[in-house]
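Throughout, a chain's letter reflects where its sequence line sits, starting with A, and its residues are numbered from 1.
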Number of protein chains: 2
Amino acid sequence: MEKQPSFITQARREQIIEATIKALDEIGYKSISLAKIAKIAKVSTGLISYHFSDKEDVLNNTLVYLLKKQYDYIKEKVDESKSAYDQLITFIDTSLAYQGTHYVHNVALIEIIFNARTPDNIPYYKVSDDEEDPLYVLLQEILQDGQKTKEFSTFDTKNVSIIIQGAIGESMLMNQENFNLEAYKNELVTMVTKMVK
Amino acid sequence: MEKQPSFITQARREQIIEATIKALDEIGYKSISLAKIAKIAKVSTGLISYHFSDKEDVLNNTLVYLLKKQYDYIKEKVDESKSAYDQLITFIDTSLAYQGTHYVHNVALIEIIFNARTPDNIPYYKVSDDEEDPLYVLLQEILQDGQKTKEFSTFDTKNVSIIIQGAIGESMLMNQENFNLEAYKNELVTMVTKMVK
DNA sequence: ATTTATTTTGATCAGTCAATCAGATTTTAT
DNA sequence: ATAAAATCTGATTGACTGATCAAAATAAAT
C-alpha cells in the first residue's frame, strides 16, 4: 500500500507547480531554471529537488496539473447541457472562455507541450493522441451522440473533432489586441452548426 | 551599396540552416546547440559563428527560410487556379500536402515558432499576426475575392481564415500512424465548402 | 610567385545551471 | 521533554555551452 503524501508535501508541490506556470509565462520553457522557479515560489532550490525527482519531473507534473484543470473546467460545463447540440456549443464556448480566464495557464500548456519530450526523445505534440486526450474523447462522444439522436448529419467524427479542436486551438495563438474573442466564438458556432447539422 | 555575399557564404549559410532543421527535428529547440548543428553540418563550431552573428541569428534565418519555402510552395499552386473556390480548395490541398512532403521542415517550424522569442522576450507565436503572416493574407484575399464574385456567402473573412488555418495546423500535430491525411483532406474540403458557400 | 583576403579549425574562456548534500529548522511521536 | 522524522536551506560541484580568437588552410588578386 502506497503512503499518502502529507498535506505539507501536497501544498508545496502545488506551490512549486504554480510557480512553474508563472515562470513559463514569463521566460518560456527554454530559459526556465530551477533557480527561477524557486525565486518565484520563494523557496530554496534544494526544496524543489526534495519534492520532485528532477526538473523534468516538475514539468511533467505541471503538464498533468494543467491538463486536468482545463478538462475539469470544460467537462463540468458540458455536463450541464442535455442535447448533443447544446453540449457541442457549450464545449466550444467553454474552451474559448477558458483561454480568456486562464490565459497564463494556456501559455504554460503551450510551452510544455511543444517542448517536453518523452524519455525516447519524442515530442509530446507528436505523441498526444486523439484517442488518449480526454478532451478529444469528450468532443468525439458528443458528436457521436448527436449522430445517434439524428441531431447531426453523417460525417467522420474523428476528423470533424480535429477541425473543431484546431479552430479552438488556433485562437489561443492570436494576438490579443487585434482579436475579438467574442466575435470569433459566434463565427465558430455558426460555422460548426453548418458543419454538423 | 551592400556587397553581395559570396557563393561560398551563401552555400555555407544554407548548409548550416539545413543542419539546423535536421537538429531541430532530432533533438528539439531546447536541446539544440552549436556543437550539434556543427556536427550534422560537418563543420567546426567556429564556422557557424563566422557566418552568423550568434545562435539566435542562426535560428531566425532558419525560420525565415522555412516560412519562405512553405509560402512559395503554396502560393505557386494557388496561382494556377482561377476561381476563388478552386483557389481555396487548392490552398487547403497544398497546405496539407506540404506536411506530408516536408515533414521535417514542419517539425522544425513548430520548434522555432513555439520557442523563439523577440529581444523583449515575447514568444513568436504571440507575435505572429494574421495581418503580417503572408499565408493568412493569401487565404483572406481568396475569401474576399470569393465574396466579391458572389461565389461565397457573407461571413467574416478574418475569423473564417483562423478557423481554416487552425484546422490545417491541427493536422500537423496528429500522430502519423492513426491518421489518414487523405481522408482528413476530403472531410475538411467538404466542411469548408459548407462554411463558405 | 607572392601577397592579400577569405574561410575554417579547434582549443580556450567565462558563464550558467541541475543536482547534491551537510547541516539547520520545524514538526511529529513517544 | 526528548527523540526521531520530516522539511528546508544555500553553498558547492561538475557538466555543458555560446562565443572568442590565434593560427592554419585555402582562394583570389597582382
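Atom-to-atom, CG of L59(B) to C1' of dG18(D) comes out at 12 Å; the value is rounded to the nearest Å. Taking atom CG of residue D57(B) and atom P of nucleotide dG18(D), one finds them 14 Å apart after rounding to whole Å. In this structure, F52(A) places its CZ atom 13 Å from P of dT7(D), rounding to the nearest Å. Atom CD1 of I48(A) and atom P of dA19(C) are 10 Å apart (whole Å). For the pair K55(B) NZ and dG18(D) C1', the interatomic distance rounds to 8 Å; values are reported in whole Å.
Taking every side-chain heavy atom of S49(B) into account, dT20(D) is the closest of dA19(C), dT20(D), dT8(C).
Checking side-chain atoms of N121(A) against main-chain N and O of E26(B) turns up a donor-acceptor pair under 3.5 Å.
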Do any N or O atoms of the protein come closer than 3.5 Å to N or O atoms of nucleotides 12-15 of chain C, and which pairs are they?
none

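Considering only side-chain N and O atoms, Y50(A) lies under 4.0 angstrom from the phosphate OP1 or OP2 of dT7(D).
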Note to self: Test salt bridge (charged side-chain N to carboxylate O under 4.0 Å, His left out) on K77(A) and E80(A); report intermediate values, then the result.
What the structure shows: CA-CA 5 Å; K77(A) 298 284 181 185; E80(A) 290 172 10; 5.0 Å; no
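Electrostatic pairing of D86(A) and K82(A) does not count as a salt bridge here, judged by no charged N lying under 4.0 Å from a carboxylate O.
Expressed to the nearest 0.5 Å, how far CD1 of I164(B) lies from CD1 of I142(B) amounts to 9.0 Å.
Between F152(A) and Y85(A), the ring planes are perpendicular. Angles over 60° get that label, and only those under 30° would be called parallel. Below 30°, between 30° and 60°, or above 60°: for H105(A) and Y65(A) the angle between ring planes is between 30° and 60°, a tilted geometry.
Residues from residues 12-47 of chain A with heavy atoms under 4.0 angstrom of DNA chain C, sorted by number: I32(A), S33(A), L34(A).
The cationic atom of K69(B) (NZ for Lys, CZ for Arg) does not lie both less than 6.0 Å from the six-membered ring centre of Y98(B) and within 45° of the ring axis.
Remark: S33(B) engages A35(B), K36(B) in a side chain to side chain contact (heavy atoms under 4.5 Å, CB included) (not counting sequence neighbours).
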